[in-house]
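Here is the structure we will look at, set down as structure tokens.
Numbered from 1 within each chain, the chains take letters A, B, ... in sequence-line order.
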There are 2 protein chains.
Amino acid sequence: MPRVSYDERVHSVSIAEVAQRAGVSTATVSRALSGRGRVSAAAKEAVLAAADALGYVVSSNASSLASGRTRNVGVVLPFLNRWYFASVLEGAQQALLRAGYDVTLYNLSGGGEERASVFEHFLLRQRVDAVIAVSLELTEDEVARLHALGKPIVGVGGPIPGVRTLAIDDVAVAKLATEHLTGLGHTRIGHLGGRAEFDSDFHLPVQRRHGYEAALDEAGIPFDADLVANADFTVQGGYHAAKQLLGAPPRSRPTAIFAASDEMAIGAILAARDLGLAVPHDVSVVGIDDHDQAEFFGLTTVAQFPRKQGARAVDILLEQLEPRDGSEPLADILLSFELVVRSSTSRPRD
Amino acid sequence: MPRVSYDERVHSVSIAEVAQRAGVSTATVSRALSGRGRVSAAAKEAVLAAADALGYVVSSNASSLASGRTRNVGVVLPFLNRWYFASVLEGAQQALLRAGYDVTLYNLSGGGEERASVFEHFLLRQRVDAVIAVSLELTEDEVARLHALGKPIVGVGGPIPGVRTLAIDDVAVAKLATEHLTGLGHTRIGHLGGRAEFDSDFHLPVQRRHGYEAALDEAGIPFDADLVANADFTVQGGYHAAKQLLGAPPRSRPTAIFAASDEMAIGAILAARDLGLAVPHDVSVVGIDDHDQAEFFGLTTVAQFPRKQGARAVDILLEQLEPRDGSEPLADILLSFELVVRSSTSRPRD
DNA sequence: GTGAAAGCGCTAACAC
DNA sequence: GTGTTAGCGCTTTCAC
């Protein structure tokens with residue numbers, strides 16, 4: 001704790017004052033405080049003491065201007081108010097904070113013009129040392145401009161051309177979920193997929209559907225387009241789509257549903273209840289995510305770990321921003337996922 | 001669109017290059033681009049053209065260092081992954097972006113040491129022009145340090161001593177919700193409140209409970225401690241607490257529940273269903289928030305408007321950062337709220 | 001290991 | 001209305 005009462009001061013302490021008090025030059029103060037370059041133990045101690053006594057803190061602007069480093073990372077995402085995105089952001093922010101980096105947030109949910117404006121802002125104002133793009137497909141131009149400025153980029157949630165990327169294997173995840181159902185003996189398996197408009201970025205809906213079809217195929221179950229309904233990844237969307245699937249006559253109704261997100265899966269569980277169907281007795285439901293509420297609903301799901309994804313993205317960035325010896329540049333990374341079996345799935349009734 | 005291909009360049013264009021190309025001085029470029037000070041139309045046009053052609057953008061660090069303004073606002077919040085907080089942030093970010101400000105995010109959900117670390121970071125590094133604190137009670141020391149640096153602060157979600165604050169009147173909101181139930185003729189009204197540990201910041205649980213009691217009082221209904229259960233504001237917490245209230249024998253069971261958040265109210269609806277009780281026939285439920293999912297569940301609620309709250313906070317900040325003539329400094333502001341009646345409430349059965 | 005000094009790229013007086 | 005110029009507060013050669 002600095003030993004000065006702050007409300008008595010209006011201007012901030014400069015490095016020169018610290019230097020004077022410590023009886024060294026400003027260069028030594030800079031070196032002592034930043035850890036770059038060597039400083040004698042005695043000098044370092046004197047500097048630390050002086051800085052503490054004066055309540056000194058570097059001006060990030062002056063430091064950035066002189067050094068070219070901002071210690072700030074931009075995180076760009078398409079939504080803030082959805083579990084996956086907020087979780088990735090949380091994980092990234094936490095890791096960045098620990099490494100001494102600030103996070104500047106760019107939420108694109110406002111619309112198209114906002115996106116252009118964001119790129120004007122931070123590409124251009126050189127506020128950040130690097131960029132994390134979550135489930136966003138940057139254009140080649142955007143990537144090129146960032147790279148031209150020497151700013152590393154890492155993508156989370158899907159591949160960006162020319163950019164190192166973290167992603168789960170969506171096909172494999174969907175296949176795993178569906179295989180869980182075929183393994184239980186289900187043969188009429190419905191799918192709640194993502195609507196085409198959500199496919200713009202990383203083709204996540206399409207890939208998850210491919211995984212679903214692949215699992216059916218391996219189990220020798222013919223694909224039936226009537227068992228697929230698409231929605232918008234929300235509970236409400238999943239509810240309505242599931243009602244449609246489950247409203248079919250008992251003979252043709254699916255005995256299990258694989259939803260491309262937990263929120264839609266929860267919607268399906270609620271829809272089943274409202275139709276008087278018991279889960280899992282009449283219909284099994286499996287999702288993807290391991291959403292916060294998955295446990296509450298007893299939802300079987302394939303967990304992905306967005307917080308870890310965010311933290312991992314930071315590791316990769318830091319390796320480029322602060323290369324340490326022995327660290328190899330990493331290739332694209334496929335993230336882990338795992339099936340979490342709860343009470344929403346069981347063998348079919350007969 | 002700038003007419004240069006960015007990947008051919010590695011260093012960024014400086015103001016001097018623009019000045020040269022436009023045939024004016026750097027001062028004129030600065031003035032033309034920032035809008036501060038007067039510039040002839042011809043000069044302005046020339047500067048704009050040159051800047052565009054070269055793909056010039058100011059270095060925010062150099063600009064901040066020279067001017068003392070960062071065009072960056074820090075937003076501090078205790079959670080990211082909850083509807084209210086994410087919505088406030090979204091509203092604030094959007095308004096800030098429109099005004100040309102970046103947002104640096106400080107999420108404190110990591111724990112206590114993180115909080116100290118955050119204050120080291122941004123109080124101290126002078127990265128921001130102002131601070132928005134959402135549902136956080138800053139200490140006097142923290143407020144004093146910010147003020148000492150001349151940084152405006154605005155609080156959202158509750159009062160901070162010495163700081164301009166935006167908040168709903170939690171007592172009135174809770175009273176309105178409860179009055180809706182008494183007005184329908186309910187006399188056994190349960191309350192799902194917030195647990196004491198959530199009271200640390202703005203005593204929101206206590207205030208909402210006061211509103212509840214006030215409404216009962218005015219309706220001449222005696223307060224009954226057995227009809228109150230506390231939880232953690234989540235669906236799951238509300239579910240368990242509601243089960244407790246609704247598990248009582250029919251005679252003593254509440255015919256209506258007022259929950260201090262929509263998420264808990266949704267938990268109550270699900271609990272009622274699981275107990276075989278119809279909503280609103282057997283039990284009415286009302287919440288506070290107008291959460292994204294409120295409509296889906298047909299939840300009657302008192303809406304607050306967190307996105308607007310965030311945007312409003314920005315207005316207040318901007319008024320201080322960029323005072324315009326005729327604008328009066330605003331006092332603390334009570335935000336609007338409104339009862340939204342849906343299908344989860346009705347008159348009691350008999 | 002340490003200090004002197006030259007910038008980093010811009011803004012804001014000030015003079016014209 | 002426009003140019004000149006002195007910093008903003010730091011980091012980093014370069015010499016010692």
Sugar-phosphate means primed atoms, P, OP1 and OP2; the rest is base. With that split, encode nucleotides 9-16 of chain D 5' to 3' as B, S or - using protein heavy atoms under 4.0 Å.
BBSBB---
Has B/Arg82 got its NZ or CZ under 6.0 Å from the middle of the six-membered ring of B/Phe79, at an angle within 45 degrees of the ring axis?
yes
A/Tyr84 side chain to A/Gln309 side chain, donor-acceptor N/O pair below 3.5 angstrom
yes
Do you know the tightest heavy-atom contact between B/Asp129 and B/Lys151?
O-CD, 3.6 Å
At their closest point, which heavy atom of A/Ala133 faces which heavy atom of A/Ile160, and how far apart are they?
CB-CD1, 4.1 Å
Would B/Asp141 and B/Thr139 count as having a side-chain donor-acceptor pair, cut-off 3.5 Å?
no
Do any N or O atoms from the side chain of A/Ser34 and from the backbone of A/Ser30 form a donor-acceptor pair under 3.5 angstrom?
yes
With side-chain contact (heavy atoms from CB on, under 4.5 Å) as the criterion, how do A/Val163 and A/Leu146 come out once you've worked through the C-alpha distance, each side chain's angles and the decisive distance to 0.1 Å?
CA-CA 11 Å; A/Val163 167; A/Leu146 250 9; over 6 Å; no
At a heavy-atom distance below 4.0 Å, what parts of residues 38-45 of chain B sit against DNA chain C?
none
